[in-house]
Amino acid sequence: MEWVKIIHILCVMGWMTSIFAVPRALIYWHREWDRLGEFGPLGDLTIRLYRFSLGLGVIAIATGLYLAHWLGWPGWTHLKLALVLALAAHYGWTGRLVLRARRGTFTESDRFLRIFNEISVLGAIAVLWAVVVRPF
């Protein structure tokens with residue numbers, strides 16, 4: 001059981017890093033696109049980061065579900081799952097932005113992407129609060 005916890009923690013850390021980094025990378029990718037007028041190295045890096053972290057997110061969610069089942073689904077795990085699903089939806093939206101950027105379509109402003117990035121920070125803090133406080 002300990003190895004599942006370790007894998008879960010490592011994958012969560014990697015996925016959370018990407019949840020924060022990819023929207024920020026989109027900002028710089030947009031600036032690079034405006035400067036070069038074509039697909040540059042920052043775009044490739046952003047796509048690779050998103051793809052790699054998507055796998056970490058899947059593993060983190062799968063191991064989290066396993067651990068919640070092992071714990072008997074106490075109330076706080078339902079809250080955590082809801083928050084994680086909201087973060088997964090946010091990450092899915094990020095993926096949509098990455099796909100559009102890959103085609104050279106940058107419709108969101110720097111300001112929007114910065115706010116979008118901060119929403120994920122609030123979501124991660126809420127998940128940490130649910131795990132530490134265990135309100136139910």
Side-chain angles (χ1 to χ4, degrees):
M1 182 54 55
E2 290 300 316
W3 64 271
V4 176
K5 291 179 186 177
I6 292 169
I7 290 172
H8 179 69
I9 291 168
L10 292 174
C11 289
V12 165
M13 289 172 48
W15 186 42
M16 287 297 118
T17 301
S18 180
I19 283 176
F20 305 145
V22 173
R24 180 62 62 160
L26 280 168
I27 294 168
Y28 297 123
W29 184 6
H30 185 196
R31 292 176 185 168
E32 180 184 69
W33 182 275
D34 288 343
R35 192 182 76 237
L36 299 176
E38 62 183 9
F39 191 85
L42 196 53
D44 185 52
L45 176 71
T46 305
I47 292 168
R48 289 174 186 265
L49 178 62
Y50 182 83
R51 284 184 184 162
F52 177 75
S53 299
L54 182 62
L56 292 177
V58 169
I59 295 168
I61 291 171
T63 56
L65 290 170
Y66 178 81
L67 290 170
H69 177 73
W70 182 75
L71 291 169
W73 290 97
W76 66 270
T77 59
H78 296 276
L79 175 61
K80 179 186 175 189
L81 179 60
L83 293 168
V84 168
L85 289 177
L87 282 174
H90 181 276
Y91 200 63
W93 189 356
T94 303
R96 197 181 106 212
L97 296 175
V98 169
L99 287 174
R100 285 191 3 225
R102 188 175 190 181
R103 293 189 304 265
T105 306
F106 294 93
T107 56
E108 288 75 18
S109 67
D110 283 7
R111 183 181 191 134
F112 172 85
L113 290 172
R114 289 177 191 276
I115 293 169
F116 184 74
N117 188 26
E118 297 307 320
I119 290 170
S120 62
V121 173
L122 296 174
I125 290 170
V127 170
L128 286 172
W129 175 83
V131 171
V132 171
V133 175
R134 298 181 180 185
F136 310 108

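Keep in mind the model is a prediction, meaning the values are calculated, not measured. Just so it is clear, the values below take in all heavy atoms, side chains as well, and ignore hydrogens, waters and symmetry mates.
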Looking at [X] and [Y], what are the two nearest heavy atoms and their distance?
| X | Y | result |
| --- | --- | --- |
| Trp29 | Arg102 | CH2-N, 3.6 Å |
| Leu56 | Cys11 | O-CB, 3.5 Å |
| Glu32 | Pro41 | OE2-CD, 3.5 Å |

Would you say [X] and [Y] make side-chain contact, with heavy atoms under 4.5 Å?
| X | Y | result |
| --- | --- | --- |
| Leu26 | Tyr50 | no |
| Ser18 | Phe52 | no |
| Met1 | Leu67 | yes |
| Ile7 | Tyr66 | no |
| Asn117 | Ile27 | no |

Check whether [X] and [Y] end up in the same hydrophobic cluster, where Ile, Leu, Val, Met, Phe, Trp and Tyr are linked by side-chain heavy atoms less than 4.5 Å apart.
| X | Y | answer |
| --- | --- | --- |
| Val121 | Met13 | no |
| Ile19 | Leu128 | no |
| Leu85 | Val12 | yes |
| Leu71 | Val4 | yes |
| Ile119 | Phe20 | no |

Side chain to side chain contact (heavy atoms under 4.5 Å, CB included) assessment of Leu42 paired with Trp33: CA-CA 9 Å; Leu42 196 53; Trp33 182 275; over 6 Å; no
Contacts of Phe112 that satisfy side chain to side chain contact (heavy atoms under 4.5 Å, CB included) - sequence neighbours left out: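 Expected list: Trp93, Glu108, Ser109, Phe116.
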Neighbour count above 12 (heavy atom, 6.0 Å) for Arg51 CZ: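 Incorrect, the count does not exceed 12.
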Rounded distance [0.5 Å steps], [atom1] in [X] versus [atom2] in [Y]:
| X | Y | atom1 | atom2 | result |
| --- | --- | --- | --- | --- |
| Thr94 | Leu99 | OG1 | CG | 11.0 Å |
| Trp129 | Trp76 | CH2 | CH2 | 12.0 Å |
| Thr107 | Leu97 | OG1 | CG | 7.5 Å |
| Leu54 | Ile59 | CG | CD1 | 10.0 Å |
| Leu87 | Met16 | CG | CE | 5.0 Å |
| Lys80 | Leu65 | NZ | CG | 9.0 Å |

Thr63 side-chain N/O to Ala60 backbone N/O, donor-acceptor pair under 3.5 Å: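 Answer holds: yes.
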Geometric class of the Trp15/Tyr91 ring pair [parallel <30°, tilted 30-60°, perpendicular >60°]: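 Perpendicular.
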Parallel, tilted or perpendicular: rings of Phe106 and His30 (30°, 60°):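 Rings of His30 and Phe106: parallel, as their planes differ by under 30°.
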Side chains of Tyr28 and Thr46, donor plus acceptor under 3.5 Å: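 Their side chains do not contain a donor-acceptor pair, so the 3.5 Å distance test is not met.
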